[in-house]
Visitor: 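Here it is, the structure, as structure tokens.
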Amino acid sequence: MAYLQITLRVDAADRPAAAAVYEKYKQPFLATVDGATGKELLVRDEDVQVLHGFRSATDARAYLDSELFTKDVVGELAPLLRAEPDVRLYDTL
């Protein structure tokens, strides 16, 4: 099992738009990405995090290179971001 955590710096006023991007791509992610097991939106005062679950770290890395992520998700989120996303990959033992 592996987790991909992406932390997004988004102004409070833009969080509904960021949440809409999450909702729009949640089902396509779960239905089409190899090894995808789950996706959760975590909202804090200082940022928004998206936690993705995968069967393996290899699957998680492949998602980061996929068109769904690079073109669709990043393309829609880019205008909302105040800084580059912090992307972290965790592998379970």
Side-chain angles (χ1 to χ4, degrees):
M1 186 84 182
Y3 295 95
L4 181 62
Q5 176 189 31
I6 302 176
T7 303
L8 308 169
R9 302 280 300 172
V10 178
D11 287 331
D14 291 329
R15 289 196 181 159
V21 173
Y22 165 83
E23 288 296 330
K24 179 178 180 179
Y25 292 108
K26 182 177 181 177
Q27 274 313 114
F29 168 80
L30 294 171
T32 66
V33 174
D34 287 341
T37 62
K39 185 174 181 179
E40 299 296 330
L41 181 65
L42 309 171
V43 179
R44 303 185 311 171
D45 288 341
E46 60 273 16
D47 58 33
V48 176
Q49 296 179 350
V50 182
L51 186 62
H52 305 75
F54 293 90
R55 284 191 305 254
S56 72
T58 301
D59 292 331
R61 284 187 206 93
Y63 171 64
L64 289 174
D65 292 329
S66 72
E67 189 170 298
L68 176 64
F69 181 73
T70 61
K71 181 180 175 215
D72 298 334
V73 175
V74 172
E76 288 193 37
L77 284 175
L80 306 174
L81 300 178
R82 292 189 346 214
E84 288 294 316
D86 179 16
V87 179
R88 298 178 187 213
L89 177 59
Y90 301 93
D91 202 358
T92 62
L93 300 177

Visitor: How close do Asp59 and Gly35 get, counting heavy atoms only, and between which atoms?
Guide: OD2-CA, 3.3 Å
Visitor: Please report the shortest heavy-atom distance between Leu80 and Ala18, naming the atom on each side.
Guide: CD1-N, 3.6 Å
Visitor: Could you tell me the separation between the OG1 atom of Thr7 and the CZ atom of Arg44, rounded to the nearest 0.5 Å?
Guide: 6.5 Å
Visitor: Rounded at 0.5 Å granularity, tell me how far CG in Leu41 sits from CD in Glu23.
Guide: 7.5 Å
Visitor: Going only through I, L, V, M, F, W and Y residues with side-chain contacts under 4.5 Å, is there a path from Ile6 to Leu30?
Guide: yes
Visitor: I need the single residue from Tyr22, Tyr25, Tyr3, Phe29 that forms a ring pair (Phe, Tyr, Trp, His ring centres under 6.0 Å) with His52. Which is it?
Guide: Phe29
Visitor: Which atom pair, heavy atoms only, marks the closest approach of Ala13 to Pro16?
Guide: O-CD, 3.6 Å
Visitor: Is any side-chain heavy atom of Arg9 closer than 4.5 Å to a side-chain heavy atom of Glu46?
Guide: yes
Visitor: Any link between Leu89 and Met1 through a network of hydrophobic side chains (Ile, Leu, Val, Met, Phe, Trp, Tyr) touching at under 4.5 Å?
Guide: no
Visitor: Nearest heavy-atom pair of Asp47 and Leu8: which atoms, and what distance?
Guide: CB-O, 3.3 Å
Visitor: Show the nearest heavy-atom pair for residues Ser56 and Ala2, with the distance to one decimal.
Guide: C-CB, 3.5 Å
Visitor: I need the Asp72 CG to Thr70 OG1 distance, nearest 0.5 Å.
Guide: 7.5 Å
Visitor: For Arg82, which residues count as a side chain to side chain donor-acceptor pair (under 3.5 Å) partner, sequence neighbours excluded?
Guide: Asp11
Visitor: Quick one: CG on Leu4 to CG on Leu64, what's the gap to the nearest 0.5 Å?
Guide: 5.0 Å
Visitor: Does any non-hydrogen side-chain atom of Arg88 lie less than 4.5 Å from one of Asp86?
Guide: yes
Visitor: Tell me whether Val87 shares a hydrophobic cluster with Val73, the cluster being built from Ile, Leu, Val, Met, Phe, Trp, Tyr side chains joined at under 4.5 Å.
Guide: yes
Visitor: Provide the full list of ring-ring contact (aromatic ring centres under 6.0 Å, His included) pairs with a residue in residues 67-93, sequence neighbours left out, each pair given once.
Guide: Tyr63-Phe69
Visitor: Of all the heavy-atom pairs spanning Phe54 and Thr37, show the shortest one and how long it is.
Guide: N-OG1, 3.4 Å
Visitor: Could you tell me if the side chain of Leu81 sits less than 4.5 Å from the side chain of Val10, heavy atoms only?
Guide: yes
Visitor: About how many Å separate CG of Asp91 and OG1 of Thr58, when rounded to the nearest 0.5 Å?
Guide: 8.0 Å
